[in-house]
There are 2 protein chains.
Amino acid sequence: MDLIRIYQCFCDPTRLRILHLLSQTPLCVCHFQEILDEPQVKISKHLAYLRERGMVVAERDQNWMIYSLPKKRDAELQANLKCLQDCVQTDSIFKRDLRALAKLRTKADAPDGALLA
Amino acid sequence: MDLIRIYQCFCDPTRLRILHLLSQTPLCVCHFQEILDEPQVKISKHLAYLRERGMVVAERDQNWMIYSLPKKRDAELQANLKCLQDCVQTDSIFKRDLRALAKLRTKADAPDGALLA
DNA sequence: CGAGCATATACCGGCATCGGCATATTCGTC
DNA sequence: GACGAATATGCCGATGCCGGTATATGCTCG
């Protein structure tokens, strides 16, 4: 029942927003802080939660930790991420997150590997 | 963020099995007991949890409570139920549940409204 | 009305989650 | 080696979930 692990990860708003953003591009913790407007601890802990359960992978780039979706995802995760994308279209919070991400991208002060997709 | 409510409902194995079965046909509590092989209290509580959150509806037929998916489901629930159906195809537990359901149907001792779909 | 079946609820203990505060770790720079 | 930036972790209290035992409710039938 790997599905359970997926749904457990999906059932918190902060984690859902994180996964939604990562569907667009890899990001580091400080980007999440800025886009989601949440304290560092909170972000960091949710990322740890997701990492422990294989929903995201992390890679160090100097001072930054760059988080992304795993390259190889099993069918269940892939299907649910797709479903999430579909469901999220109309929600104002997720739309706002996307706008904030776009704004960050124009700044172009990103560490290697993040924000370039 | 209605999505959160959906994922909270999806993140327990018993509830997931219940929803999967209800995607096939309405059922009453004692059918769940038999198919899932779980105690009555457990089933009843998970059904209450799902009912309070609008994932299922209940209707009384004499002594029985017949549970089913709501006729009108919003897009998010519909999408996720579909996704669940897709993800579940290969899982042995869910397949076993379907076999147990089929066996129940042949008995044809169901109360009105359940098991007839 | 009393018995019995089907289902729901109250209460409890154990455990996970969540968020916050403080502190630790890791890396780059001077 | 000290410092600062970026991130992670330990500890805590509050809350919610989960499953079990016992008990209550609703319905039917004799």
Side-chain angles (χ1 to χ4, degrees), chain A residues 1 4-19 21-22 26-53 55-68 104 107 109-115, chain B residues 1 4-19 21-22 26-53 55-68 104 107 109-115:
Chain A
M1 290 261 229
I4 299 300
R5 221 167 357 104
I6 294 178
Y7 291 127
Q8 283 171 345
C9 287
F10 276 40
C11 74
D12 173 273
T14 306
R15 288 199 290 268
L16 214 47
R17 294 171 74 193
I18 288 175
L19 289 167
L21 286 169
L22 288 182
L27 288 169
C28 70
V29 179
C30 56
H31 290 141
F32 286 118
Q33 272 181 259
E34 196 164 341
I35 297 174
L36 305 184
D37 190 29
E38 298 276 7
Q40 182 259 326
V41 194
K42 187 168 169 181
I43 305 264
S44 197
K45 280 201 213 167
H46 280 301
L47 284 168
Y49 185 106
L50 291 170
R51 191 159 23 93
E52 286 158 10
R53 288 158 182 80
M55 301 291 129
V56 306
V57 295
E59 179 197 1
R60 179 154 230 131
D61 175 19
Q62 322 242 55
N63 250 329
W64 299 279
M65 287 295 283
I66 300 184
Y67 284 84
S68 51
L104 256 200
K107 288 205 208 167
D109 56 356
D112 285 2
L115 280 178
Chain B
M1 290 261 227
I4 298 300
R5 220 166 358 104
I6 293 178
Y7 291 127
Q8 283 170 346
C9 288
F10 276 40
C11 73
D12 172 274
T14 306
R15 288 198 290 268
L16 216 47
R17 294 170 74 193
I18 288 175
L19 289 167
L21 287 169
L22 287 183
L27 288 168
C28 70
V29 180
C30 56
H31 290 142
F32 287 119
Q33 274 182 255
E34 195 164 341
I35 297 174
L36 305 184
D37 191 30
E38 298 277 5
Q40 182 259 326
V41 194
K42 188 169 170 180
I43 306 264
S44 197
K45 280 202 222 167
H46 280 300
L47 284 169
Y49 185 105
L50 291 170
R51 193 160 20 94
E52 287 159 10
R53 288 158 183 80
M55 302 289 131
V56 306
V57 296
E59 180 197 1
R60 181 155 228 132
D61 176 19
Q62 321 239 58
N63 250 331
W64 298 278
M65 287 295 282
I66 300 183
Y67 283 85
S68 51
L104 255 200
K107 289 204 207 165
D109 56 356
D112 285 359
L115 280 178

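Protein chains get the first letters and strands the later ones, always in sequence-line order, with residue 1 at the start of each. The figures that follow rest on heavy atoms only: side chains count, while hydrogens, waters and symmetry mates do not.
- Nearest nucleotide to the side chain of B:Gln33, out of D:dG19, C:dT7, D:dT9: C:dT7.
- Note: CG (B:Leu16) to C1' (D:dC18) measures 16 Å, nearest angstrom.
- In this structure, A:Arg5 contributes its side chain and A:Arg53 its backbone to a donor-acceptor pair below 3.5 Å.
- Proximity of a side-chain donor or acceptor of B:Arg15 to a complementary backbone N or O of B:Gln8 within less than 3.5 Å is detected.
- Atoms NZ (A:Lys42) and C1' (C:dC21) sit 15 Å apart, rounded to a whole Å.
- A close approach under 4.0 Å does occur between a side-chain nitrogen or oxygen of A:His46 and OP1 or OP2 of C:dG19.
- The CD1 atom of A:Ile18 lies 6.0 Å from the CG atom of A:Leu50; values are rounded to the nearest 0.5 Å.
- Contacts of B:Glu38 classified as salt bridge (Lys or Arg N to Asp or Glu O under 4.0 Å), with partners at least two apart in sequence or in another chain: B:Lys42.
- One atom, CZ of A:Phe10, and another, C1' of C:dT17, lie 18 Å apart when rounded to the nearest Å.
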Q: Do nucleotides 23-30 of chain D as a string where each nucleotide becomes B, S or -: B if the base has a protein heavy atom under 4.0 Å, S if just the sugar-phosphate does, - if no protein is that close.
A: ---BBS--

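- Atoms CG (B:Leu36) and P (D:dC18) sit 15 Å apart, rounded to a whole Å.
- Counting non-hydrogen atoms under 4.0 angstrom, B:Phe32 reaches nothing in the nucleic acid.
- Across A:Tyr67 and A:Leu22, no two heavy atoms sit closer than the pair O-CD2, 3.3 Å.
- What separates OH of A:Tyr49 from C1' of D:dA8 is a distance of 18 Å, to the nearest Å.
- Rounded to an integer number of Å, the gap from A:Met65 CE to C:dC27 P is 10 Å.
- Between B:Ile43 and A:Glu38, the residue anchored closer to the 5' end of DNA chain C is B:Ile43, taking for each the nucleotide with the nearest heavy atom.
- You'll find the side chain of A:Tyr49 stays beyond 4.5 Å of the side chain of A:Asp12, heavy atoms only.
- B:Ala58 approaches B:Arg51 most closely through the heavy-atom pair CB-CD, 3.8 Å.
- Within the 4.0 angstrom heavy-atom criterion, only backbone atoms of the sugar-phosphate kind lie near B:Val29; the bases stay farther away.
- Between A:Tyr67 and D:dA6 there is no side-chain N or O to OP1 or OP2 distance below 4.0 Å.
- Phosphate proximity of C:dT17 to A:Arg15: absent, as no side-chain N or O sits under 4.0 Å from OP1 or OP2.
- Between A:Leu47 atom CG and C:dG19 atom C1' there is a gap of 15 Å when expressed in whole angstrom units.
- Taking every side-chain heavy atom of A:Val41 into account, D:dG10 is the closest of D:dC17, C:dT7, D:dG10.
- What separates CD1 of A:Ile4 from P of C:dA16 is a distance of 16 Å, to the nearest Å.
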